[in-house]
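Order of appearance sets the numbers: ligands from 1, and atoms from 1 within every ligand.
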Amino acid sequence: MSLLSDLINLDLSDSTDKIIAEYIWIGGNGMDVRSKARTLPGPESDPSKLPKWNYDGSSTNQAPNEDSEIIIYPQAIYKDPFRRGNHILVMCDAYSPHGDPISTNKRHHAANIFNHADVIEEEPWFGIEQEYTLLQKDVKWPIGWPIGGYPGPQGPYYCGTGADKAFGRDIVDAHYKACLYAGINISGTNGEVMPGQWEFQVGPTVGVAAGDQVWVARYILERITEIAGVVLSFDPKPVHGDWNGAGAHTNYSTKSMRSDGGFDVIRKAIGKLEKRHKEHMAAYGEGNERRLTGKNETADFDNFNWGVANRGASVRVGRETEKADKGYFEDRRPSSNMDPYVVTSMIAETTIIWQPESSEL
Ligand code: ADP
Ligand code: MN
Ligand code: MN
Ligand code: MN
């Protein structure tokens, strides 16, 4: 074993300038992060200087056998915490050979919205709270739970410590450091209400980079859980019953919300979100209706409501924002398996670009 880890930790810079680039993309079911590696002649920090690449889309449910080639375009570079040195992780999006974004490429549309002049002007910040659940590999039941049974009721686990309350902390902490190493703007982690469930936050990050960073943070977590022999789940309601589901609360602000009198801008933005509640819910994650029951710190799926410091609301404004009369708000509706490209760009589109008909105001 020690020779194997010696080789994995080999410092290539002793013998070559070449580096390894791990190209990452999103597969056909929308939550499957895929990756493959290639050698590049030397270090690189500008994604536009990296070669495009391709993969077999018939193996990811994204193309027919007869015409299976999908082209991936490098969009963002992070340091590789697994290989270290000058090696990199490369977040890509996917196109047909003719250069059209394929249907699962949600980044392309998001980048268009974030390139809109009015949106650039407002410098939209996102802070995404990614919740997830760790499962025992063979039985797909949360770690720390008795197989086929349940732990004691929720209460002691949220931000808890101790062998009977916190399950999987090494994975969480390894992921935290790996993300910081990679250059992801990870802002914290915490243990969740349901035992075996955890959260990390990414942000505040501007525009489409928020989506890139959440996806690469998910990728890094998949890799770490792979090493640990634990299964990562983004199911919005992994255990039926009186157990908290998993969300991806999306905190959001624009330049005018962060400026004096911004609470008024926030109120108007929330009004627009309310008018488009149905459209947003349809795009906020598969199976979210199992989670948004109106119980376990959630709002009801069909009804929009908002409030200051209200964790049972669709949208929550913090006490600090109310007091300062400026700041940000939290969209609590997105589920843990949401696509951050879709959610962030939709919030920006609805609140900055969209102008409701005067009859709707
Ligand atoms: P909660 O109290 O809901 O658990 P967290 O502390 O888990 O909130 O997450 C809040 C997230 O919002 C963090 O990632 C934080 O960096 C981010 N955030 C802070 N200020 C802003 C802002 N002005 N605009 C957008 N996001 C912000
Ligand atoms: Mn949180
Ligand atoms: Mn949480
Ligand atoms: Mn939250």
Side-chain angles (χ1 to χ4, degrees), residues 114 119 122-134 154 157-160 166 172 175-176 179-180 184-214 217-218 233-238 243-263 265-266 269-270 273 285 288 291-292 296-299 306-338 340 343-345 347-348 351-352:
F114 288 117
V119 178
E122 279 291 351
E123 250 173 76
W125 291 7
F126 297 93
I128 293 162
E129 303 169 54
Q130 176 70 67
E131 293 177 343
Y132 59 93
T133 310
L134 299 173
Q154 294 182 161
Y157 311 110
Y158 169 73
C159 299
V172 176
H175 175 255
Y176 195 171
C179 283
L180 283 173
I184 288 164
N185 193 15
I186 188 168
S187 45
T189 68
N190 64 266
E192 270 306 334
V193 176
M194 188 186 101
Q197 196 172 102
W198 297 84
E199 168 179 314
F200 64 85
Q201 303 100 29
V202 170
T205 301
V206 183
V208 77
D212 291 336
Q213 291 187 5
V214 169
R218 284 175 175 178
S233 169
F234 289 110
D235 192 310
K237 189 80 177 180
W243 301 96
N244 276 29
H249 300 165
T250 300
N251 300 271
Y252 171 65
S253 63
T254 60
K255 199 195 270 174
S256 29
M257 294 174 192
R258 296 186 295 267
S259 308
D260 285 347
F263 194 8
V265 184
I266 289 176
I270 293 174
L273 287 175
N288 205 5
R291 162 182 165 256
L292 294 182
N296 308 110
E297 299 171 57
T298 68
W306 76 277
V308 174
N310 182 357
R311 284 175 197 273
S314 318
V315 166
R316 175 175 71 98
V317 174
R319 281 265 175 249
E320 245 174 81
T321 296
E322 184 190 45
K323 214 170 119 199
D325 200 34
K326 63 180 172 189
Y328 66 101
F329 67 86
E330 174 191 37
D331 190 341
R332 299 176 59 81
R333 297 171 296 170
S335 62
S336 47
N337 59 353
M338 61 80 153
V343 168
T344 57
S345 62
I347 291 174
T351 61
I352 302 172

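Close approach of ligand 1 to Arg311 is summarised as follows: ligand atoms under 4.0 Å from at least one heavy atom of the residue are 2 (O), 3 (O). Numbered from 1 in the order shown, with element, the atoms of ligand 1 that lie under 4.0 Å from a heavy atom of Glu199 read 7 (O). Interface of Gln201 with ligand 1, defined as ligand atoms under 4.0 Å from a residue heavy atom, comprises 7 (O), 9 (O), 14 (O).
Judged purely by atom type and a 3.5 angstrom limit, His175 uses its side chain to pair as donor or acceptor with the backbone of Ala217. Using a distance-only test at 3.5 Å, with no hydrogens or angles considered, no donor-acceptor pair links the side chain of Arg333 to the main chain of Ala299. Panel note: side chain Glu297, backbone Arg311; no donor-acceptor pair is recorded below 3.5 Å. Side chain of Arg332 to backbone of Gly247: no donor-acceptor contact under 3.5 angstrom is found.
Glu129 contributes atom OE1 as its closest N/O/S atom to the Mn ion (ligand 2). Nearest N/O/S atom of Glu131 relative to the Mn ion (ligand 3): this is OE2. Residue-level check: among N/O/S atoms of Glu192, OE2 sits closest to the Mn ion (ligand 3). Looking at Glu199 and the Mn ion (ligand 3) together, the shortest N, O or S contact belongs to OE1.
At a distance under 4.0 Å, a protein heavy atom can be found next to atom 16 (O) of ligand 1.
Phe329 CZ to Thr351 OG1: the interatomic distance, rounded to the nearest 0.5 Å, is 6.0 Å.
Protein heavy atom nearest atom 18 (N) of ligand 1, with residue, atom name and distance: Pro204 CG, 4.1 Å. Among all non-hydrogen protein atoms, the one lying nearest atom 4 (O) of ligand 1 is Glu129 OE1, 3.1 Å. The closest protein non-hydrogen atom to atom 14 (O) of ligand 1 is Ser187 OG, 2.9 Å. Here the heavy atom of the protein found nearest to atom 11 (C) of ligand 1 is Asn251 ND2, 3.4 Å. In terms of protein heavy atoms, atom 2 (O) of ligand 1 is closest to Arg316 NH2, 3.4 Å. For atom 20 (N) of ligand 1, the nearest protein heavy atom (residue, atom name, distance) is Tyr328 CE2, 3.6 Å.
Across Val214, Asn288, Thr250, a single residue satisfies side-chain contact (heavy atoms from CB on, under 4.5 Å) together with Met338, and that is Thr250. Looking at Ser256, Ser259, Ser253 one by one, the single match for side-chain contact (heavy atoms from CB on, under 4.5 Å) with Val265 turns out to be Ser256.
Taking only nitrogen or oxygen atoms, main chain and side chain alike, Ser253 reaches within less than 3.5 Å of ligand 1. Looking at Ile128 next to ligand 1, no N or O pair under 3.5 Å apart turns up. Residue-to-ligand polar distances keep His249 apart from ligand 1: every N/O pair is separated by 3.5 Å or more. The distance criterion of under 3.5 Å between nitrogen or oxygen atoms is met by Glu330 with respect to ligand 1.
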For the pair Thr298 and Asn296, evaluate side chain to side chain donor-acceptor pair (under 3.5 Å) and give the outcome as yes or no after the intermediate values.
CA-CA 6 Å; Thr298 68; Asn296 308 110; over 6 Å; no

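The two residues Arg218 and Ser336 make their nearest non-hydrogen contact at NH2-O, 3.0 Å. Of all heavy-atom pairs spanning Thr133 and Pro238, the tightest one is OG1-CG, 3.4 Å.
Comment: Glu320 does not engage Lys323 in a salt bridge, judged by the lack of any side-chain N to carboxylate O separation of less than 4.0 angstrom.
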